[in-house]
K.L.:
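Supplied in structure tokens, the structure appears directly below.
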2 protein chains.
Amino acid sequence: MTENTRKPKDAKDRAQVTIIDIARMANVSKKTVSRVINKSPLVREETREIVNKIIAETGFTPNPQARALAFRRSFLIGLVYDNPSPQYVVNMQRGILDALDETSFQLVLRPCDRADANYRERVESFVIQHKPYGLILTPSVSEDDELAAMLRDRNCDYVRIASVEIDDASRMVRTHDAQGAELAARHLAELGHTRIAHIHGPNTFRSTHERMAGFRKGLADFGLSLDPKLTLEGAYTFDSGVECATRLLSRPDRPTAVFAGNDEMAVGVYVAARKAGLQIPDDVSIVGFDDTPISSRIWPPMTTVRSPIRDVGRVAALRLIQAEEDEKTQAPGAFALELIVRESTQAL
Amino acid sequence: MTENTRKPKDAKDRAQVTIIDIARMANVSKKTVSRVINKSPLVREETREIVNKIIAETGFTPNPQARALAFRRSFLIGLVYDNPSPQYVVNMQRGILDALDETSFQLVLRPCDRADANYRERVESFVIQHKPYGLILTPSVSEDDELAAMLRDRNCDYVRIASVEIDDASRMVRTHDAQGAELAARHLAELGHTRIAHIHGPNTFRSTHERMAGFRKGLADFGLSLDPKLTLEGAYTFDSGVECATRLLSRPDRPTAVFAGNDEMAVGVYVAARKAGLQIPDDVSIVGFDDTPISSRIWPPMTTVRSPIRDVGRVAALRLIQAEEDEKTQAPGAFALELIVRESTQAL
DNA sequence: CTGAAAGCGCTTACAG
DNA sequence: CTGAAAGCGCTTACAG
């Protein structure tokens, strides 16, 4: 092996080990090394072992820039999001990073703004320029069929996270929002509430309708229904939660329970309740959605629907980076939600 | 120009425009185009204009993978963080993305865990493999001199965000934590508080000592000092805030005000106060640090020290991507903090 | 199952 | 100020 030693290119002997070095040491062509790296089946098992051994010994890792150039595809996974809740984004990032850890894929952030008329073009430019390995789309951008069509057209792999099946199963990771909202409804009904308000998200979001439909279904099981006068459209933001709740709680027939479409708005309901001099849960029960950290930090701790966002992110990333064969042994493509009962709800 | 038209490589005529196409159209060598792209001064102004015009017309953008391979340096900016507060991370990301928007730099996430014995090696592997254009280090990893030394050794550019000058000015973005904490102390002293508790961060963090020193100084201006019995070490986490505050608030000589080293812990103080049956701010005033979103969402809204994290992120990113000449006209390398007075503090 | 040639789209080092 | 050659470290397409 000493005869293969190359003169170091700099004083610190940090000349990068390349596929050529490995090829020389293994007495094969660099193409064969490339085949081993890319797990091609067209390599004799014995050859593969020799090459892998040398790769392990030298600590060689292929240069991602060179691979990207030759592959015409980079090793970046783009997270495309347009989400009012920072916590959702952070949890999603964690899940994706869980999956990318120890791989040579990198997570790249692509926030966007659906209100921006050029937002699809911006994503498209990114795709054209950086040729990401794949994109993960979170609600509500995940619901944009035009965006998805553009990506297919551009031959860019993607996974859509959504509460409804809006694409091929292989390109979807689903969260069963309706079922989660149903749990919330049943919980409130079981506690004896009948005058129940719902502050939902923007009508342009699929999740809004999913959650509302599930909530309705849960109520219906107890012979209850959603009073239109107690059903308000929020914006999934804290401020909109405060505003809607202020209106609801000042009504003469004030609701005894409020189900908010996400935690951000639910926290807004807390503040509106306090400002109105109401006690939680004595005067009003509150249920949120997402189980973001704030729900357990606020007082009283909030009953909410847990969406396993981190798991969702992990599975979405695995979808993109795993070979098709592995995919069969893989995690589920849909996640059930669970109700986390804390202290913001109580029997009437 | 028609004679330069190349046969499209695929049906959709999406063969990428390359530097060669531009060179042909401009009647120069590709090297000259390269010089224009890289803003080399060694190009005649007239030539530069012609080339730039054609670049603009064709919408050409140089392939980042090819550039990275040739440059031996990628266009990725890595955010290296090990921070207990998700909000800090999100705000930092936003600021960095503000700066990278419309450039061809991409933000890549590199969370790490200082408790992991191999954490420096992990960062090092990333640097060796991906050759990032630069790294942004946030507290507390930014305080690790060994990490910085490794990066210098590896010729990897970086910016450290910290509350004290621990590196060359060009590699630092500072937040004046001490000065911010001083504002908090003066505020509480002016309100007439004298039995003031402080829950600080881990002793291993520089920010802990900066904030504590500033707080002490502010108190001293009013002839007050920090009682060691009312000074507890937290972990910058919500749970540690609850725990420390529970101990403080159950003392016979219960403090009338608590200054927490960050918002996360301050929110823990809220919960401990409520559990102890105390009213905020009537029974106890609370001041946090960071002005993360939760501080304005919680009830009563929290008085806290605002750290312009997003701005800090933006400036840190600009430091990395701007040419040296631009740097002179650039934003400041240090940020003052401000006290946001809300409703969690009141006169004794 | 394996390899030699050409190429991915840029930049460096050298020459003029 | 400009360019021809070689190279960055891989993979594709082809051949055997």
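Note that the structure is predicted; figures quoted are calculated from it, not measured. Letters A, B, ... are given to chains in the order of the sequence lines, protein chains preceding strands, and every chain is numbered from 1.
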K.L.:
Please name all residues satisfying side chain to side chain donor-acceptor pair (under 3.5 Å) with A/Ser29, sequence neighbours left out, ordered by chain then number.
P.N.:
A/Thr32
K.L.:
Could you list the donor-acceptor pairs under 3.5 angstrom formed by side chains in residues 41-49 of chain B, with sequence neighbours left out?
P.N.:
residue	atom	partner	partner atom	Å
B/Arg44	NH1	B/Glu46	OE1	3.0
B/Arg48	NH2	B/Ser40	O	2.8

K.L.:
Apply side chain to side chain donor-acceptor pair (under 3.5 Å) to B/Thr175 and list each qualifying residue two or more places apart in sequence or on a separate chain.
P.N.:
B/Asp177
K.L.:
Can you give one letter per nucleotide of nucleotides 10-16 of chain D, going 5' to 3': B for a protein heavy atom under 4.0 Å from the base, S for sugar-phosphate only, - for none?
P.N.:
BBB----
K.L.:
In chain order, what residues pass the side chain to side chain contact (heavy atoms under 4.5 Å, CB included) check against A/Thr103, with sequence neighbours excluded?
P.N.:
A/Leu100, A/Phe105, A/Ile321
K.L.:
Applying side chain to side chain contact (heavy atoms under 4.5 Å, CB included), can you list everything that pairs with A/Thr61, at least two apart in sequence or on another chain?
P.N.:
B/Gln129
K.L.:
Could you tell me how far apart A/His130 (NE2) and C/dG9 (C1') are, to the nearest whole angstrom?
P.N.:
15 Å
K.L.:
Holding to side chain to side chain contact (heavy atoms under 4.5 Å, CB included), I want the full list of residues that pass it with B/Ala148, two or more places apart in sequence or in another chain.
P.N.:
B/Arg152, B/Tyr158, B/Arg160, B/Asp167
K.L.:
Which stems, defined as runs of 3 or more consecutive Watson-Crick or G-U wobble pairs with both pairing distances under 3.5 Å, involve DNA chain C?
P.N.:
C:1-3 with D:14-16, C:5-12 with D:5-12, C:14-16 with D:1-3
K.L.:
What pairs meet the salt bridge (Lys or Arg N to Asp or Glu O under 4.0 Å) rule with one or both residues in residues 103-116 of chain A, with sequence neighbours excluded?
P.N.:
A/Asp116-A/Arg122
K.L.:
In chain order, what residues pass the side chain to side chain contact (heavy atoms under 4.5 Å, CB included) check against B/Arg73, with sequence neighbours excluded?
P.N.:
B/Phe71, B/Tyr133, B/Asp157
K.L.:
How close do A/Val80 and A/Val123 get, heavy atom to heavy atom, and via which atoms?
P.N.:
CG1-CG2, 4.4 Å
K.L.:
Take the protein atom CG of A/Leu69 and the nucleotide atom P of C/dC8, then report the distance between them rounded to whole Å.
P.N.:
9 Å
K.L.:
Between B/Thr32 and D/dG3, does any side-chain N or O lie under 4.0 Å from OP1 or OP2?
P.N.:
yes
K.L.:
Considering residues at least two apart in sequence or located in another chain, which fulfil the side chain to side chain donor-acceptor pair (under 3.5 Å) criterion with B/Tyr88?
P.N.:
none
K.L.:
Tell me the interatomic distance from B/Asp21, atom CG, to C/dG9, atom P, rounded to whole angstroms.
P.N.:
9 Å
K.L.:
Could you identify which residues of residues 44-53 of chain B place a heavy atom less than 4.0 Å from some atom of DNA chain D, listed by residue number, or say none?
P.N.:
B/Arg44, B/Thr47
